[in-house]
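The model shown is predicted, which means the values in this text are computed figures rather than measured ones. Just so it is clear, the values below take in all heavy atoms, side chains as well, and ignore hydrogens, waters and symmetry mates. Letters A, B, ... are given to chains in the order of the sequence lines, protein chains preceding strands, and every chain is numbered from 1.
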Amino acid sequence: MLSEVLRNNLNLTGTKEGCNTGDCGACSVLLDGALVCACLVLAVEAQDRSIETIEGVAKDGKLHPIQQKLLEHAGLQCGICTPGIVIASRALLEKNPDPTESEVRYWLAGNLCRCTGYDKIIRAVMDAGATMRGE
Amino acid sequence: MKVKTDFKYVGTRPIRPDGLDKVTGRAMYGADLNLQGMVYGHIVRSPHAHAVIKSIDFSEAMKLPGVLATMSAADLPEPGDKKIPGGEVDFELKAFSPIVMARGKVFFHAQSVAAVAATTASIAAAAAKLVKVEYDVLPHVLDIHEAARDDAPLLHEDVFTQGVDPVPTRPSNVSAEIELKMGDLDAGFAAADLVIERTYSVPMCHQGYIEPHACVAQFDENGKVEIWCCTQGAFMVRTLTAAVTGIELGKIKVTPSEIGGGFGGKTTIYIEPVAAILAQKCGRPVKIVMSREDVFRASGPVSSSETRVKIGVTKDGKITAMDTDIIMDSGAFSSSPLFPAVMFGTACYRCDNIRSSGREVLTNKPKVYAYRAPGAPQPILAVECVINEIAQQLQMDPIEFRQLNAVNEGDLPLFGVPFQAIGLQEILREAKKHPNYQVALGENQGRGVACAFWINAGMQSSATINVSEDGRVNVLTGNPDIGGSRASMALLTAEVLGIPVDTIRPAVVDTDSIAYSDLTGGSRTTLATGGAVIKAAEALVAELRKRAAALWGINVEEVDWIDGSAVARSGTGLETLNEARANDGHAPATAAKSLTLAQLAAQAGVTGGPLCAVASHNAHNAAPSFALNMCDVEVDKETGKVEILRYTCIQDAGKPCIRPTWKARCKAVLCRVSAGR
């Protein structure tokens, strides 16, 4: 599986494994720009394709707005779901820079979190969107 | 005792110190450690819920290239009647050892029976399939009522119902009974105008942390084992691993990884001793990661329960008698929160005549473990439902009914310790005037109200504070940070030392690097570990004042600690000294009347050596928490679909160290309640 190659062969352990059945979203990565669960993708399917993981989200020593806003809004606790949520919500904001709250909630429905109760995550994503739009 | 209420740092909202590593994916969890030469362990699990293990044959598995070691209960010492020291209560080794490896018999489906280590995870999994285990399948029992019957399949020949006098001579699946009483129950019910009796049951459910159990164990040539794992208690892992494997406790070092949720479910061991034994046998570091399926099949769920509640009231709404009886399913070994359940079910109400009893029943299911306020929600759900029904029948407002009967300071609950200052009446008052309680309900809509209680734990903790040469502060504790404790520990240190919270770096360290701490759970860390941190910070302040006094050549009593600096009191020795020196035409003894922490740290080498403080604490001052939840729902009468319209949670939270974290926790609980936990 792609998740195993990322974690065990490439030592990119920021992509988490919570279920290995595509239910929890902790292993969310982008494959040629499309949001996928790395535990459902065969590693060979990723051959010659672009894979974006959490390790590449902060660039040049600066956090991405979604990472910053998750910190500011206390949108994480244990943090095991956080990399998946960062990847998924960044993908949303790139596709839809001004999502409604319902759109954010639907988009992140595949990313389970057991600590925060989601609300602060949703607010952080909305706020990150506003920051990225320059508001 | 004077209670401090004005805080500079506690109650503020700093960015959590562990947050950066979590949002960037750098934070290391249980399954994230890869060591040089590391191999993988895989556990063979029972396909039967109840069976005798006749034989285990590893020969085919060992033939598979890449397989390095195997193990079973034969590699662990016989538990016998050995006890595991657990502070105030000792635990039976025979209730822990079989969870790590079944010995002679399996008691639940997916109980671990054997294990293999191989060079890759897939070889280990394939080898596990080649391990031949012969079973004699026994009849199993899953239902608490069936299990309690005399003719039920018996799980353990050596379990005799505890709490019964005289001790029974026949073994039973009923592992414990308890009854607590106060007042005169019959007289209480005789004085009642209305008596309602109902039975409610709560199913078994899993804590559902996103991170599966994971660990890496490594043995060295001196017989020392290092274990890296996700756990709620590194010292607990050390204690239990030593007991189960027979490895000397002092030779085990446990490093807690970041923990991806636990909620009570990571308060025990499953795979750590297996990885340790496999590592010892093959001479390589061994990693074991449970699959999600194994987490759900074989790690501790929460007790299911059935509670019968009988409550009597006068027609003007005064509770005269409360009688509750709870049966808890403990899974295959005694571990249910029976005592808390029996003690706390009625804790919200003032009543002179209470009887509460409970029975723990063993069934062919995984051994249960704690989950958020273990033992409290099951009976409280039943009691609150009956309270609502009584209010309805008396045509009283459910909150007003509770205001009439809620416990106050000084009231004696069933568990025998009178309440000190508590906030249940304040909660009810806030609930009554909350806007959500005023909303008029429409057709097919209803409103539920329920109170809740948790005792909160204290117990043992330690803390270490080190000051670096530039005045930055490290605060070290031994409690895995499951809910933001590092931020809380930093805030408490900042408060005592009077320095900005961003100059403090908190860390959770391994069992070799700090003194013992009980595990993270029972809502004890902020209180007990926080207490140790406060003590250590206070000791450090005392030392800092001493160092400043030495530099100034004055008495320590003449030095105050104000906002992160030692300050010489006016009219003290320093001023007198300098006056005298000035009269003699000398320069002042020192130019500064105050010295900051950084200045003192820079001079530590000439005032007595490095600045540090260690504290140990055994917290006995835990105070209980109360809460009220109210929820409006709408029911679609055709489909039965229930929609939550509004949910309000009011808690007596004491003083939250970090407000946003506490609020998020409330919301998470609401999410779980509305999703059926």
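- Both the backbone and the side chain of A:Cys19 come within less than 4.5 Å of a heavy atom of chain B.
- Only the backbone of B:Ala27 comes within less than 4.5 Å of a heavy atom of chain A; no side-chain atom from C-beta onward does.
- A pairwise comparison of heavy atoms in A:Cys24 and B:Ile210 identifies SG-CG2, 4.3 Å as the closest pair.
- Looking at B:Leu33, neither its backbone nor its side chain comes within 4.5 Å of chain A, counting heavy atoms on both sides.
- When side chains are defined from C-beta on, A:Arg114 does not count as touching B:Tyr209, because their heavy atoms never get closer than 4.5 Å.
- Looking only at distances, a side-chain donor or acceptor of B:Lys22 sits under 3.5 Å from a matching main-chain atom of A:Gln77.
- The local environment of CD in B:Gln36 is sparse, with at most 12 non-hydrogen atoms from other residues, nucleotides or ligands closer than 6.0 Å.
- Around the NZ atom of B:Lys129, the shell of radius 6.0 Å holds no more than 12 heavy atoms that belong to other residues, nucleotides or ligands.
- By the neighbour-count criterion of 12 heavy atoms within 6.0 Å, atom CZ of B:Arg26 is densely surrounded, having more than that number from other residues, nucleotides or ligands.
- Looking at A:Leu63, only its side chain comes within 4.5 Å of chain B, counting heavy atoms on both sides.
- Contacts between A:Leu71 and chain B at a heavy-atom distance below 4.5 Å involve backbone atoms as well as side-chain atoms.
- Looking at B:Ile259, the atoms closer than 4.5 Å to chain A (heavy atoms on both sides) all sit in the backbone: N, CA, C or O.
- No side-chain heavy atom of B:Thr120 sits under 4.5 Å from any side-chain heavy atom of A:Asn8.
- For a residue to count as touching a neighbouring chain, one of its non-hydrogen atoms must lie under 4.5 Å from one of that chain's; by this rule B:Asp481 does not touch chain A.
- Contact of A:Val86 with chain B is made through the side chain alone, with heavy-atom distances under 4.5 Å.
- Atoms NZ and OH, on A:Lys16 and B:Tyr29 in that order, are 6.0 Å from each other to the nearest 0.5 Å.
- Between B:Thr24 and A:Ala58 the shortest heavy-atom distance is CG2-CB, 4.4 Å.
- Within the 3.5 Å criterion, the main-chain N or O of A:Glu72 finds a donor-acceptor partner in the side chain of B:Arg13.
- In B:Arg297, the CZ atom is crowded: over 12 heavy atoms of neighbouring residues, nucleotides or ligands sit closer than 6.0 Å.
- Side-chain contact between B:Arg16 and A:Leu76 is present, with at least one heavy-atom pair separated by less than 4.5 Å.
- The two atoms that bring A:Gly18 and B:Pro212 nearest to each other are O-CG, 3.8 Å, heavy atoms only.
- The shortest heavy-atom contact between A:Pro83 and B:Gly25 is CG-CA, 4.2 Å.
- Counting heavy atoms from C-beta outward, B:Arg292 and A:Glu17 have side chains that stay 4.5 Å or more apart.
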Hey, mind stepping through A:Arg7 and B:Asp32 against salt bridge (charged side-chain N to carboxylate O under 4.0 Å, His left out) and telling me if it holds? CA-CA 8 Å; A:Arg7 290 178 49 80; B:Asp32 294 345; 2.8 Å; yes

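- Between chain A and the residues B:Gly261, B:Gly483, B:Gly484, the largest count of heavy-atom pairs under 4.5 Å involves B:Gly483.
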Stepwise side-chain contact (heavy atoms from CB on, under 4.5 Å) check, A:Thr13 with B:Asn34: CA-CA 9 Å; A:Thr13 54; B:Asn34 293 321; 4.2 Å; yes

